[in-house]
Amino acid sequence: MTAKIKEFPGTSLNEQDFSDGKILYNFDKLNGAFSWDTGIGIGAYLASLKNGVILGSHCKTCRKIVVPPRIFCEWCFRPMDEFIPLQDTGIVNTYSLCYVTWDVQRIKDPEIPAVINIDGASPLHGIMHMLGEIDPQEVKIGMRVQAVWKPAHERQGSITDILYFKPAKEN
Amino acid sequence: MHERVAIVGVGCTGFRSASPEQSYKEMVYEAAVRAYNDAGVDPRSDIESFVTVAEDFHEGTSIFDEYTPDQIGGALKPVHTITGDGIHGIATAYMLIRTGQFDIVAVEGHSKASNIKTLPSITAYAQDPVLNRPLSLNSHFIAGLEMNRFLHVSGTLHEHCAAVVTKNRFNALSNPLAPYGADLSIEDVLSGPIFSWPLGKREIADHSDGAIVMVLASQEIANSLTDKPIWILGVGWNNDSPSLENRDWSRAIYAEAAARMAYRQAGINNPLEAIDIAEVDDTYAYKELQALEALGFCREGEAGNLTIEGFTSPDSRLPVNVSGGSLGMGNLLEANGLARTYEIILQLRGEAGAQQVEDTNIGLAQSWRGVPTNSGAVLILAN
Amino acid sequence: MGMRKVAVVGAGMTKFVRRAQETPKELSWEAAHMALDSCEMTMDDIEAVCLGTAPDAFDGIHLNGEYLSDGAGAWRKPYMRSYVGGGTGVFVPIQGWYHIASGLFDVVMVVAEEKMSSFYPHAQAAFLTIFDHITERPLKPNLLWIFALEMNRYMTTYGISKADIAQVAVQHKRNAADHPCSLLGDADITVDDILNSEVLAWPVQRLDVSPVSDGAVAVILAAEHIAKRITDKPVWIEGVGWHLDTSYWTNRDLAYPRYVEYAARMAYDMAGIKEPRKEIHIAEPYDPFDYKALHHLEGLQLAERGKAPELYSDGTASRTGNMPICPSGGLLGVGNPIAAAGLMKIAELFWQLRGEAGLRQVPGQPRRGLAQAWGDLMQVGTVVIMGR
C-alpha cells in the first residue's frame, strides 16, 4: 500500500508564513469559568489545609489510608467515612526538574514538582506538590521532606496553603 | 454473540438546579450505589465493562475520561468514554454485550450544569469557529431559526408549542425527582420574555444537576438477576450535517433515521400501534412536536393539534413525557437520554408510582445532543 | 466462541506535520477517502462511522466530535466518537470492532484525527486542564511533569540510564526515515544527539519527546463475509483489550503500567495467545516519549520488568530482529497527532502483515502484530492484536 502511493496528503505550514501574513486565520478566545462543588471529601481536605493539616481517609474494608480523602473507596466500592489527619512530612516518590512553564516559557531556575508519599497514609499514597529550599541537584528519590505552610491568616483552603515541601531531618 | 440484552438495574440521584453538597464524583457514586443495589451486583466483581458519556467542556476538564472510573466501581477495569448522549452510551453497552465478550456492562451519565458559570459561552464554542462563531450569537438562535422554519412548514402554531410546556411541567408535579413542576396556562408560557423569536424563555428547559447509572446484562444473566428485565428491542442513532449552512431546518432527519434503525431492529412497522409510551426530547418545547413527527407517531403538521387536544397526555392514547421531560426534570446535558430512558424503565416495570400509566409493554426514549448538533438517538424497550 | 470475525480491509493517512494548512475536517476527509480508495469502496458501502480525536481544547471546539462528523463521512449515518485521551488511536478501532462484532453492522469506517496546532501559542498549554481541577491545577502543572515524574521513577526503580532509553528514540527516528508521512525521521541520529538535547524537565530532554503534530488516519473494518469479498488479504482483529486505572495517580507506583498489563491480558486471552514473546511478530507500543516504549513493553509482557532496554541493545527490536518494535518509526519518528498516532500503528500493522510496507517492511512474512496506546493520567492501556 504505502509502497504504491507516491503522494500523501497534508500541507505543512511554518511559523514564518503566519508572521509574514501569508496565512489567513481567525482568532478566538474561550470564556470558560467553572465553579466546581468540592463535595464532602475534598471539601474536608481543603478545610483541613486551611488549618494546617493534611487530611486522609481510611477504608475499613481494605484498611488503606488514602490521600486526598474521599467518601468511598474505589477498590472496595464501599463508603469511607473516617477522616484521618496525616503528618505533613513524607518521602519523595519521584520528582523532576522542570525548565519550562505550563505555557511554554523557558525559566532559568527549575520548578521541582514531585510526588510525595505522605507519612500516615498507606505506602505509595501521596500527593503532587512542589519542592523548595533545596538545590535541584541535591534532590533524591527517597529523601524525607516537610511541608512549608503559608502563615495561618493567609491560608484560603487550597492546595497552595502549602507553599512547597523542603528537606526534613531523617528520623 | 448474545442477541438479547436487558436493562437490569437503574439508579439516580434527585434532579435539582444546584447540588452544592456533592462533588460530581460523590453524586455519581450515589447513583451507582442505587443502580447496583437495584441490579443486585457488585461492580468490583460482577460488572465487566463500563461506559460513560461526558463532554470535556461541560466538565471544565480535558480528557474527562480520566476522572470517570472510581465512582462507578470501574477502577482498573475496562472503562471508556463516549462523547454522546446517554442513549449513545446504552447503545455502546448493548453492542459490547452482543459481541459475546461481556455479560454485564454499566452506563453512566451526569450533569453538573450548575458548576458551569459561563454555559452560554461554552455552548457557543460548539458553533463553527470560522463561519458562525464570529457572529457572536447566543446559541438559542439556532433553535429559534429551526422553530420558525418548523412552524412555517408544518403549520404548527406557537400555542401548540406552549401546550407542550403546560403538559410536561404539569406532569412534573407528580414526579418526585423533577424540580420544575408547575401548573401553567398557555398564556403564562407565551407571555414570557422572547429569547430568539419565535422562541420564548418559557419554552426552553432550564438545566439541572443529577446523575444516572444503569446496568445492562445478557439474557441469561438478566434472567438470573431480576424478574423484571427490560429488554432492548432496538436502538438507533444518526448524525445529519453538523453545518448550519447545510441542513433541513424543518425536520429532525437525524431522529427519523435513528428511529428507522431502531424500528427495523424491533420489527415495528406502525409506531403508533406498537409503542405504548414515549419519552422524547423537549429541551425546546417545539422539539417534542418535531420529534413526534420524526418518530412516525403522526404525519407532518399533526403533532401540534394532537398535543393541544390531549392526545399525548398521561391518560390518553400515547402518553409522552409523563416524567415531565427536560422541561420538567431539567436539561441534564449528556444525561438527558438516560433520564428519558429511566422513566420508560420505571413505567415498564410498573414502578412509576403516582405517574404509572396502565398497560405499558413497549416504550420509546429519544434524545438529541442539543444546539448546534444534528445528532440524536432512539431506544425501544419492552417488558 | 461464536464471535463474529472482523478484519481491517483498507487504510489511509495524511502526512504528520507540525502545522497543517488543512482544517480538521479536511484532514479527516483526506485520510477517510484514501482508506476507501485503498479497497475500492465508497461511502455508500459504509454503514457506521467511529471517530477518535483527543482533547477538544486543542481545536478550541466544544462537541468536537459533532463538528468533525461530516469530515469523517458520517453524514446521515450512525456515528459515535470514543475518547480515552492518548489511548484513543488504538481504542477507536476497538470501537469499530464492537460495532461489527455485535452484529449490528457489517462495514465500519474508523477515523482518528488531530489538529493540535490550532491552540495558540502552543498546544502544550492546553494540557493544564487535564489535571485535577482542585488538588492539582492551582500548582500550574505542566504536561511534561507527569512524564518526567514517571520516567524518573522508572529509571530509579530499575537502575536504567538515559543512554539505555535514548536507544529507543534513535531506533524509532531512524525507522521513520523510511515512512513517507513522517515528521521527524532521521537516518543519522545518534544517542549523543539525544543526550545533548535541551533539558526540558529532567530527566526529559527535547529529543526524548515526540512533538505536537497535525494529521489523520483512517481504516475500514468489515465482517468476515464482506472482508473476504473486498480483499484477498484481510488482516483480522484477533484480540482487543482496554483497562482504565484509578484517577488517583499519586496513589499508584508509576514504575509499572499495570493497566497496560491488564489490557494486554484481555487481548491475549481473546486471541488465544499464551506466549506473547513468541507469538507476537511485530510490536507497536505507544512511544510519545522514548522511555514509554520500554515501560509499555514491560506492561505488555514482552519484556521482564526493568529489562525492556535489552530488546534494543541486543537487536531484538530492530526491523530484522526477532521482534521488531515500531518499524513504522512510532510517534517519536512519524509524529504525534494524539489520536491519529495510535491509529497510525494499526495502519502500519495492516500494511506490514500484507507485505505492503515498502522500505519499512519487516522480513520473514510476519503474521501477527500488536499495537498499543496509552492515555489519560498515566492511566489507560488500549491494545489490539492483528493477524493474517
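Residue numbering restarts at 1 for every chain, and letters A, B, ... go by the order of the sequence lines. No experiment lies behind these values; they were computed from the predicted model shown.
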For [X] and [Y], which I'm curious about, is there any donor-acceptor pair between the side chains at under 3.5 Å?
X        : Y        : result
B/Ser367 : B/Asn336 : no
C/Tyr67  : C/Asp59  : no
C/Gln379 : C/Arg252 : no
C/Ser247 : B/Asp70  : yes

So what's closer than 4.5 Å to chain C heavy atoms on [X]: side chain, backbone, both or neither?
X        : value
B/Gln265 : side chain
B/Ser23  : neither
B/Phe50  : neither
B/Tyr67  : both

Between [options], which residue shows the highest count of heavy-atom pairs closer than 4.5 Å to chain C?
options                               : value
B/Ser243, B/Ala75, B/Pro69            : B/Pro69
B/Ile82, B/Thr83, B/Asp128, B/Asn246  : B/Thr83
B/Gly370, B/Ala377, B/Ser241          : B/Ser241
B/Pro129, B/Gly84, B/Ala257, B/Pro372 : B/Pro129
B/Ser375, B/Pro78, B/Pro242           : B/Pro78
B/Thr68, B/Ile253, B/Thr81, B/Val235  : B/Thr81

Aromatic plane relationship, B/Tyr24 with C/His133 - under 30° parallel, 30 to 60° tilted, over 60° perpendicular: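 Correct class here is tilted.
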
Parallel, tilted or perpendicular: ring planes of C/Tyr98 versus C/Trp242, cut at 30 and 60 degrees: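 Correct class here is tilted.
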
Please flag which part of [X] lies under 4.5 Å from any non-hydrogen atom of chain B: side chain, backbone, both or neither.
X        : result
C/Glu66  : both
C/Phe58  : neither
C/Asp132 : both
C/Tyr79  : both
C/Trp97  : side chain
C/Ala126 : backbone

Electrostatic pair [X]-[Y], nearest N-O below 4.0 angstrom:
X        : Y        : result
B/Asp281 : B/Arg369 : no
C/Glu150 : C/Lys292 : yes
B/Asp240 : B/Arg247 : no

Please report the closest heavy-atom contact between B/Ala113 and B/His207, naming both atoms and the distance.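 Where B/Ala113 meets B/His207 most closely, the heavy atoms are CB-CB, 3.6 Å.
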
Centroid-to-centroid, C/Trp374 to C/Phe147, below 6.0 Å?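 That pair passes the under 6.0 Å test.
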
So, for B/His110 and B/Phe64, is the gap between ring centers shorter than 6.0 Å?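 B/His110 vs B/Phe64: aromatic centres under 6.0 Å.
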
Options [options], ranked by heavy-atom pairs under 4.5 Å with chain B, top entry:
options                              : answer
C/Arg258, C/His99, C/Gln95           : C/His99
C/Gly241, C/Gly60, C/Ala48, C/Gly375 : C/Gly60
C/Asp245, C/Leu68, C/Leu128          : C/Asp245
C/Val240, C/Leu104, C/Thr23          : C/Leu104

